[in-house]
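In what follows, chains are A, B, ... by sequence order, proteins preceding strands, each numbered from 1. All of these numbers come straight from a predicted model, not from anything done at the bench.
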4 protein chains.
Amino acid sequence: MSVQTRGRLIEAAKRVFSKKGYHNAQIAHIIDEAGVARGTFYLYFKSKEEILKELLKEVVEELKERIRVVDLSRDPVEQVVENVERVVEFALEERELARIVLQRNSDPELFRVIDEFFEEIANLIEHSLRLGIDMGIIRECDTSLIARGILGALKEIILSLLDKEGVDTYSVAEEIIELGMRGVWKPAGGESHGGSSGV
Amino acid sequence: MSVQTRGRLIEAAKRVFSKKGYHNAQIAHIIDEAGVARGTFYLYFKSKEEILKELLKEVVEELKERIRVVDLSRDPVEQVVENVERVVEFALEERELARIVLQRNSDPELFRVIDEFFEEIANLIEHSLRLGIDMGIIRECDTSLIARGILGALKEIILSLLDKEGVDTYSVAEEIIELGMRGVWKPAGGESHGGSSGV
Amino acid sequence: MSVQTRGRLIEAAKRVFSKKGYHNAQIAHIIDEAGVARGTFYLYFKSKEEILKELLKEVVEELKERIRVVDLSRDPVEQVVENVERVVEFALEERELARIVLQRNSDPELFRVIDEFFEEIANLIEHSLRLGIDMGIIRECDTSLIARGILGALKEIILSLLDKEGVDTYSVAEEIIELGMRGVWKPAGGESHGGSSGV
Amino acid sequence: MSVQTRGRLIEAAKRVFSKKGYHNAQIAHIIDEAGVARGTFYLYFKSKEEILKELLKEVVEELKERIRVVDLSRDPVEQVVENVERVVEFALEERELARIVLQRNSDPELFRVIDEFFEEIANLIEHSLRLGIDMGIIRECDTSLIARGILGALKEIILSLLDKEGVDTYSVAEEIIELGMRGVWKPAGGESHGGSSGV
DNA sequence: CATGAATGAGACTTCATTCAT
DNA sequence: TATGAATGAAGTCTCATTCAT
């Protein structure tokens with residue numbers, strides 16, 4: 001079992017799944033990309049499904065490492081911005097992986113790990129919102145709905161960054177949090193709201 | 001060409017694609033669901049791909065009808081809320097279709113219509129944001145990024161509603177817009193921000 | 001589901017399994033022999049294993065029909081001879097099937113139906129032997145062993161007939177029973193035995 | 001060429017072929033059982049087929065050694081019983097080998113050695129029968145058929161013994177010969193025959 | 001002598017599509 | 001217009017064998 005060959009297969013699979021999606025990806029594509037023979041693939045992974053799950057597990061682990069619990073020693077918002085920044089950084093380092101994960105694939109069976117991870121994140125956001133409401137710093141709102149919304153914003157934004165080069169991760173993270181915190185409205189006079197938007 | 005049979009196939013395809021996703025869906029499932037013979041399917045649609053595209057086209061048309069251009073005769077935000085409400089309403093009326101559309105299926109070839117539609121929506125949002133900034137009612141921000149974020153929030157929220165019953169579409173629309181406009185922060189004292197969140 | 005096509009596949013499978021044995025037989029051989037397309041095979045049988053089991057089930061059913069319970073209205077030995085004759089007849093009518101069944105295939109999983117059938121026959125023979133001993137017409141012996149022996153003789157003889165033409169089934173059946181009943185020794189003088197044989 | 005390693009492979013192959021049959025047996029099973037590396041196998045045997053043939057050759061040689069030509073110095077039947085006893089003994093000593101050999105594997109190509117051996121035995125039996133007939137101690141019969149029958153009985157009985165412990169080989173051999181010589185009928189009064197049996 | 005990673009031909013099975021009825 | 005049996009290209013996976021170390 002050569003770690004090298006395994007690695008080449010994993011990297012190849014990332015590229016292929018990312019480019020073609022899981023269903024259109026074929027073992028043939030992966031082994032061509034990796035430059036190994038057909039049988040070699042099955043020496044390391046017992047099926048196409050398994051290599052995907054392996055990949056997804058890796059992402060979840062890596063992401064969990066980058067998300068740190070917020071403590072009270074420093075400005076909590078700053079810490080959240082840093083969390084988001086690290087996530088964005090990871091997505092940009094591992095664009096193929098990010099693409100696989102963020103393409104909500106209609107296959108709950110296969111993407112369970114990912115779905116569960118996002119569920120966790122949504123719960124975490126919701127919990128934080130509740131805390132903020134109790135502390136009087138977050139306005140009353142449908143926390144479940146809003147948590148989903150924030151997660152969705154995060155995912156869509158990161159997805160849109162995957163094609164860009166030279167992204168400033170910190171300012172992206174700031175924008176995301178700023179959007180979640182303050183929205184886009186510029187409170188000039190004293191109206192309850194005011195912008196104009198097509199949607 | 002019986003309109004009836006065609007309709008049954010379309011409805012069947014909605015249910016099947018929604019439940020299994022495009023790739024796992026088989027013609028066999030669709031015709032079983034529709035109660036027609038195998039050959040009949042090909043009398044109405046020349047391929048599995050075609051019926052999907054038909055479905056997607058319908059969604060896009062229906063959605064475009066529900067989204068009305070904002071005019072200056074009334075509170076623009078109110079009009080945007082109504083737009084969002086109509087979209088939410090449609091999603092809840094046609095849950096299967098909504099699910100198909102919102103499960104970003106990693107297949108750009110197949111889902112081009114949808115991708116293009118969302119691209120349009122993102123552009124519309126971005127355009128509105130720019131307008132708002134020029135008018136001094138929207139704060140300076142990375143409009144492209146923020147537009148994506150708002151779209152993502154919208155999509156994720158709607159997706160999360162598809163499993164719920166008895167949703168109050170108007171208040172959902174309000175919450176969504178409120179999130180986009182004002183964020184979640186409750187400006188109590190005078191801090192620039194001050195939430196606390198795990199992410 | 002055309003009964004015709006199914007029949008052609010069954011007949012083809014018989015020929016192929018008989019000639020090549022189950023393991024060396026390929027779906028390709030069967031469909032070539034049947035003159036149908038690859039997919040057609042799987043319309044009727046869900047695997048290579050299934051068509052074999054179907055075949056074996058048929059044999060067992062047919063054989064069971066040919067073996068009739070011995071009653072007391074007529075000479076029992078005569079009835080047994082007739083049973084054996086009908087079995088031999090069937091084997092000669094369906095030589096391919098017989099060959100498949102009689103080639104003890106080292107695959108208990110696959111040939112369970114057959115193994116169980118032969119087990120039943122062995123038990124039936126053993127039971128009859130016990131009865132005969134009680135009635136004083138069969139000599140004391142290790143009934144289990146002897147039952148196995150008789151069954152083995154039967155199988156081997158039938159197998160050897162499969163290559164022959166113009167077999168007189170009745171006299172074959174008589175010879176088999178004669179062997180089981182009287183053995184080969186010709187009690188001339190009064191010796192307990194007196195043959196001469198290499199084995 | 002370590003004789004030891006070769007021996008371990010041979011023993012492993014016996015166990016594996018015996019348990020799984022030739023076709024279901026994989027090189028992987030054999031080398032796992034032998035505790036050697038994959039490549040090592042091919043140092044000693046040039047293919048899976050070859051190790052089987054090696055095994056079969058060994059059996060045939062061993063069996064031929066155990067079967068001694070009957071001479072006229074002693075009771076010939078007694079000598080035949082002893083031959084059979086030695087064969088039974090060998091089968092019980094080498095149960096795996098016996099199982100491989102006695103499972104008529106539908107693969108004439110592979111099992112030619114065995115088939116030829118059994119052919120020889122059948123001919124030997126037939127020859128002895130003819131001799132006996134000429135000498136007036138064996139009754140007139142279809143010698144070819146009967147020879148096959150006796151061989152079949154022998155094979156089936158030995159096969160059935162392979163799962164038993166503590167077998168008395170001499171009495172088994174006696175029973176076998178007794179069956180072949182005298183059958184099972186107990187000549188009480190003066191009937192020509194008179195058993196009763198289900199088959 | 002021994003190893004075990006790599007190979008690739010070849011087998012099985014699926015399923016969108018066709019076509020004669 | 002409807003049917004459903006038949007098709008076969010294409011994909012997944014297995015496993016005996018090779019070969020560089």
Q. What residues form a side-chain hydrogen bond (donor to acceptor under 3.5 Å, both in side chains) with A:Ser2, not counting sequence neighbours?
A. A:Thr5
Q | With D:Glu49 via side-chain hydrogen bond (donor to acceptor under 3.5 Å, both in side chains) - residues at least two apart | A | D:Lys53
Q | Members of residues 8-29 of chain D that approach DNA chain E, where some heavy atom sits under 4.0 Å away | A | none
Q) Going by heavy atoms closer than 4.0 Å, what residues in residues 48-58 of chain A are next to DNA chain E? A) none
Q | salt bridge (Lys or Arg N to Asp or Glu O under 4.0 Å) pairs, two or more places apart, involving residues 35-44 of chain C | A | none
Which residues pass the salt bridge (charged side-chain N to carboxylate O under 4.0 Å, His left out) test with [X], not counting sequence neighbours?
| X | result |
| --- | --- |
| B:Lys14 | B:Glu11, B:Glu94 |
| C:Lys19 | none |
| C:Arg95 | C:Glu165 |
| D:Glu93 | D:Arg66 |

Q: Using heavy atoms to find the nearest nucleotide of DNA chain F for B:Ser2 and A:Ser47 separately, return the residue whose nucleotide is more 5′.
A: B:Ser2
Interatomic distance, [X] atom [atom1] to [Y] atom [atom2] [nearest 0.5 angstrom]:
| X | Y | atom1 | atom2 | answer |
| --- | --- | --- | --- | --- |
| A:Ile27 | A:Asp32 | CD1 | CG | 11.0 Å |
| D:Leu110 | C:His23 | CG | NE2 | 11.5 Å |
| B:Asp107 | B:Asp115 | CG | CG | 9.5 Å |

**Q.** Contact boundaries on DNA chain F for chain C, cut-off under 4.0 Å to non-hydrogen atoms
**A.** F:dA5 to F:dA9
Q: Could you list by number each residue of residues 36-46 of chain C showing a heavy-atom separation from DNA chain F of less than 4.0 Å, or answer none if no residue does?
A: C:Val36, C:Ala37, C:Arg38, C:Gly39, C:Thr40, C:Leu43, C:Tyr44
Q) Dot-bracket for DNA chain F: what is it, with Watson-Crick or G-U pairs under 3.5 Å, [ ] where a pair crosses earlier ones, and | for a pair to another strand? A) .||||||||||||||||||||
Within the structure provided, determine whether [X] and [Y] are in side-chain contact (heavy-atom separation under 4.5 Å).
| X | Y | value |
| --- | --- | --- |
| A:Val16 | A:Gln26 | no |
| B:Tyr44 | B:Ile51 | no |
| B:Phe17 | B:Arg99 | no |

Q: List the atom of C:Ile30, the atom of C:Ala12, and the distance in Å for their closest heavy-atom pair.
A: O-CB, 3.5 Å
Q. In this structure, which one of B:His29, B:Glu96, B:Glu33 forms a side-chain hydrogen bond (donor to acceptor under 3.5 Å, both in side chains) with B:Arg15?
A. B:Glu33
